[in-house]
Amino acid sequence: MTELHAVPSAPTPVTAVHLRVLGPLAASVAGTPVTLGGPGARSVLARLVSAAGRVVSTDLLIDDLWSGQPPPKALAALQVHVSNLRRLLEPTRAPRTPASVIVSVPPGYALRLPADSVDVWHFEQLVTAGLRESEPTVRADTLSAALDLATGEPYHEFTDAEWARAESTRLGRLRCTAVEAWAQAHLELGRPELVVDTLSRHTDDQPGREAGVRLCALALYRTGRQADALEVLRRTRTFLADELGVDPSPDLRTLEHEILRQDPALTQPAPTRRLTLVTDRPAATPDVRWNEAPATGVDDLLDEIRATAVRAAGSGLQVVWIGGDAGEGKSTLARTFTDEAAASGWRAARGNCPEVDGAPAGWPWIEALRELGEDVPASCTPFQIGQRVADLLGRPDGRTVVLLDDTHRADEPTLQILRHVAAVEARSNTLLLCTFRPAEVGSDLQATWAATAAVPGTRLMLRGLGRDGAAAIARETGLAELDDALLTELLERTNGNPLFLREYTRLLASEGVDAFRSRVPDGVRDVLGRRIARLPDRTVLELRRASVLGRESDLGTLAALGGTDDDTLLDALEPALLAGIVTEPAPDRVRFSHDLVRATLYDELPPMRRRRMHSSALTALAARSPGDLAALAHHAAAAATPATATALLHHVRAGALDAEHKAAHRDATALWRAADSLCAMADDQDPRTTVDVLAAGVGAQARTGDVVGARALRTRAVRLARELGHPDALLRAVTSWTAPVVWTIQVDPEPDREMVDAIDTCLARDDVAAADRALLLTAKVFELEGHDDRACLDAAVAARDTAAGSGDVEVRLRALNAFGYVAFGPDLVAERADNAAALLAAATEAGDDGFTCVAYFQRFLAATAVTDLEAAREHARQATELAAGHQLGQMLGVLSVYDALILLMAGRVDEGVAAYDAVSAAMAAQGVASAQWIGLIGWIGAATYAGDLSALVPVLEELESVRPQSVRFPLVVALLDAGDIRRAVSCGRPATPTAATTTGWR
């Protein structure tokens, strides 16, 4: 239900105002009807009523009143309507005194009246009170008063407007709820005769509301109309079947059964079945709230971190996760403790997960290492960075605190290094502080939480500051004395957000109360815009250039970007430093105080100017930092025009390849998409280049877990290559899936004939090299598995044998992956362990953690197949330790399946089935095509334990129809348990031998 913001405590106008929108819009002042004027003014008033006392911005009012097509002078027309309404509703208001009914509140207007002065507000207030009332007599009277108000269609003269239709629909549903709650109260009081007629009309109008139907049938039965009660239930059953294709609810079916057998309980007053309102504003349940302590308001949270640090110093690594929305102070809290720890003798460092693209893989750890005195080049691989971090934290000469800021933006290498540190440095005296925004947490960070669940630590969630904390911030900005009313207004406007508090108190200190109250629109971007506007023009220009470079930049690059000397640049930046717009985190570096500042400046740049600045940044960085491939790629993509796209493409491709080399697959995918855009943009388009770009992006996208997107990209490349009639381009497109495969990469129940035909076309060539033939056969394995098991098995064996003689380790990796994929059927039992060992050796030689992870996964499967549970657990641990991003989620899923299996083997059947169902739900949420069948494994195990599979016949038949022979034997047993011997015999007839790969992988 919409929350009411009426303000009964506000000064009441001398002449009482009453408004009606339940029916024709009407107004009265001191009991005298008022003519509200034309459609424009009436629409303004009705729209303000619909906002329930909240502020409606002028932009939204204009958009709603003119249906998105405002006239040139729309704002002026709106102001005229408001002025006329004010004059009509407050005829005795003195000149130049503020309006008290339609008030101006940035960024628009609001209606300020007591709730009982507006019929729809009063109606909602009474319904809310009635539904919350436990005593049935009071509840019935309250809801009756509410229904007396709701005699007309809400906003009926405005229903051509979208806002009015939505409100009318919502209020209609609310009235239905009120009718049903009113009727229920009378039934509890033993008064069925009072509600029969109303409920009969209600169910005629709303045949799909089963709560009303239940009450109507009950009332009819209690008034001796048993046949009519059954007719109401029959009519509803027909309506639900015809209109929705569903059966009545269990409640209705039970009531019908009770009426037919004339259950004595039906003649008793109904037990209380309270109806409740569903609100669109769920109550917050914070883990930790800001403390109302003096000075900072965060003492409790600091104490939590201090206690965790004591544990880290005494017993080993601890991780503190600090969550909060933008500007709530999570970074400030973490930095406060980091500074405190540094002053107490801890080694302290901070790394920031970048807000913009272009940073090297694992950048936060590189920053932290550099702060700790380690000379780490940006070209280091994640493995090298992780080793450096582990070596430093493992030193016995002290305690270390590392702050990783904004981990919701962390790339895969950053999170992989974090997991590595948590695994290998558990005994080091280390405290990791990791901040994040809860609303922006992605699957990679969630997987990291799951993988580090056993690591000691705590999680803190921030909320807004209280009065003492807000007053402390005000004092910091020079407002020593802030009266209670203004402090209350400040908190209402900022919701206690520390960033907003700082910006608004700075505005108060510099421009006074009038600017704070009347001239500043809501929103921190507008506040920042006002602060920026007061800076000298040359300062703003340099800040805009800096915004193109990112949150932080070095002065040399910034000077080169603007073609200015250092002294001139420093002079230009000084006002911004004094104003707190930027800070100086290190010598010769400048950093925006918050990314909102950078975003405000960047967003104000016109697109043409923005592209030119990115082009200048590319030139400057190419001269100063030619090895920073990620930054060069970012600026090249942002600077491209149709005339320059082809020339800049090599920067983007180099950045994408570098990101792949560093296992930053999401960054690589974004850059390959940018490269695709440049190909499409270029005046001199070359389709062969486009094919190469598309094919190169397939593997990176697949490694992020986006199987559907990777397949679509590969299909685009194949089609374009065929249009070109270029055999080599087709070969590159068909064999572009370079990612390791753990689960099926098929997305449809039928084979992809287009891809299979393309593979066969390439295989038919006489001039295909051994390495390419092995890759083609590998691709064929993953297209045929589950459809033609014999051909799939033959392709896997041929791929492995051909790859062995290719001399290319990358080719061997992919062929061994495919062979291992099909090796867990009955045909290749003896080769499972050897293939896993060969894959591990090849992956180690290639330095590819993704395939190394798959090798350990195959070892895990081989160990479970022979019930070597200890070895299986160790191989699973090794696979999980190496996994990253999407692959980590898969490995955690495998471990969960394994744990569920162990529960079944231990006889803990209910727990095992529940664990299988949980894994199935989690995999479905990740988009795994086979997730729905994972739970079936647990059901089969439980049924086998119980010695009866008959209940599983329907679901086993469904899976067998989709994947023939995948559950043939359990289905035969289930049919026998069900006594259906004829069908069991028919189902169990000999079939083509199968490699049985799909059951294990799908």
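Remember, it's a predicted structure, so these values are computed and weren't measured experimentally.
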Can you measure from CG (Leu233) to CD1 (Ile259) and round to the nearest 0.5 angstrom? 5.0 Å

Main-chain N/O of Glu750 paired with Asp748 side-chain donor or acceptor, under 3.5 Å: no

Please step through side-chain hydrogen bond (donor to acceptor under 3.5 Å, both in side chains) for the pair Ser249 and Asp251, ending with a clear verdict. CA-CA 5 Å; Ser249 66; Asp251 278 356; 5.2 Å; no

Which heavy atom in Phe158 sits nearest to a heavy atom in Arg42, and how many Å separate them? CZ-O, 3.7 Å

Residue pair Asp119 / Leu19, side-chain heavy-atom distance below 4.5 Å: no

What are the two closest non-hydrogen atoms of Thr35 and Leu88, and how far apart are they? O-CD1, 3.4 Å

Donor-acceptor check, side chain of Arg112 to backbone of Gly53, threshold 3.5 angstrom: yes or no? yes

Report yes or no: does Ser961 contribute a side-chain atom to a donor-acceptor pair with the main-chain N or O of Glu958 at less than 3.5 Å? yes

Between CG on residue Asp263 and CG on residue Leu260, distance to nearest 0.5 Å: 11.5 Å

More than 12 heavy atoms of other residues, nucleotides or ligands under 6.0 Å from CZ of Arg982: is that the case? no

Looking at side-chain heavy atoms only, is the closest gap between Arg173 and Gln206 below 4.5 Å? no

Heavy atoms, side chains only, cut-off 4.5 Å: are Val49 and Leu25 in contact? no

Closest heavy-atom pair, Ser43 versus Leu65, reported as atoms and distance to 0.1 Å, is CB-CD2, 3.5 Å

Starting from the C-alpha separation in whole Å, work towards a yes-or-no answer on side-chain contact (heavy atoms from CB on, under 4.5 Å) for Leu956 and Ile940. CA-CA 9 Å; Leu956 290 172; Ile940 293 174; 3.9 Å; yes

Please walk me through it: do Thr177 and Leu131 pass side-chain contact (heavy atoms from CB on, under 4.5 Å)? CA-CA 9 Å; Thr177 299; Leu131 292 177; 4.1 Å; yes

Give a yes or no answer on whether the side chain of Glu960 reaches the backbone of Val967 with a donor-acceptor pair at less than 3.5 Å. yes

Which distance, rounded to the nearest 0.5 Å, do you find between the CG of Leu61 and the CH2 of Trp66? 9.0 Å

Taking Tyr155's backbone N and O only, do any of them form a donor-acceptor pair with Thr159's side chain (distance below 3.5 Å, no angle check)? no

Regarding Arg47 and Asp64, does a basic nitrogen lie under 4.0 Å from an acidic carboxylate oxygen? yes

Are side-chain heavy atoms of Val747 and Arg711 found at a separation under 4.5 Å? yes

N/O donor-acceptor pair under 3.5 Å between Ser200 side chain and Val196 backbone: yes

Any Lys/Arg nitrogen of Glu124 or Arg170 sitting under 4.0 Å from an Asp/Glu carboxylate oxygen of the other? yes

Is there a donor-acceptor pair under 3.5 Å between the side chain of Ser168 and the backbone N or O of Ala164? no

Glu258 and Tyr221, any side-chain heavy atoms less than 4.5 Å apart: no

Quick one: closest heavy-atom pair of Ala219 and Leu199, and the distance? CB-CD1, 4.3 Å

Hey, is CG on Asp910 packed in by over 12 heavy atoms from elsewhere, all under 6.0 Å? no

Backbone of Cys987 reached by a side-chain donor or acceptor of Arg968 within 3.5 Å: yes

If you measure from CD on Glu153 to CG on Leu22, what distance do you get to the nearest 0.5 Å? 10.5 Å

If every non-hydrogen atom of Ala178 is compared with every non-hydrogen atom of Leu143, which pair is closest and at what distance? O-CD1, 4.2 Å

Spacing of Thr151 atom OG1 and Arg20 atom CZ [to the nearest 0.5 Å]: 5.0 Å

Walk me through whether Arg235 and Asp204 qualify under salt bridge (Lys or Arg N to Asp or Glu O under 4.0 Å). CA-CA 10 Å; Arg235 191 174 65 219; Asp204 286 343; 3.3 Å; yes

Any side-chain heavy-atom pair of Leu111 and Trp121 under 4.5 Å: yes

Working for salt bridge (Lys or Arg N to Asp or Glu O under 4.0 Å), residues Arg234 and Glu231: CA-CA 5 Å; Arg234 184 201 63 76; Glu231 173 60 20; 2.5 Å; yes

In short, Ala115 meets Gln125 closest at the heavy-atom pair CB-NE2, 3.6 Å

As an exercise, state the distance from CG of Leu85 to CG of Leu36, rounded to the nearest 0.5 Å. 6.5 Å

Are side-chain N/O atoms of Glu90 and Ser100 paired as donor and acceptor at under 3.5 Å? yes

Is a side-chain N or O of Arg54 found less than 3.5 angstrom from the main chain of Ala110, in a donor-acceptor match? no

Hey, are the side chains of Pro154 and Val120 touching, using non-hydrogen atoms and a 4.5 Å cut-off? no

What verdict does the side-chain contact (heavy atoms from CB on, under 4.5 Å) test give for Leu171 and Thr169, after you've listed the backbone C-alpha separation in whole Å, the side-chain angles of each residue and the deciding distance to 0.1 Å? CA-CA 6 Å; Leu171 290 167; Thr169 299; over 6 Å; no

Are the side chains of His202 and Arg209 in contact, using a 4.5 Å heavy-atom criterion? yes

Step by step, would you call His257 with Arg253 a side-chain contact (heavy atoms from CB on, under 4.5 Å)? CA-CA 6 Å; His257 178 69; Arg253 296 199 300 270; over 6 Å; no

Under the 3.5 angstrom rule, does the side chain of Glu135 hit a backbone N or O of Val138 as a donor-acceptor pair? yes

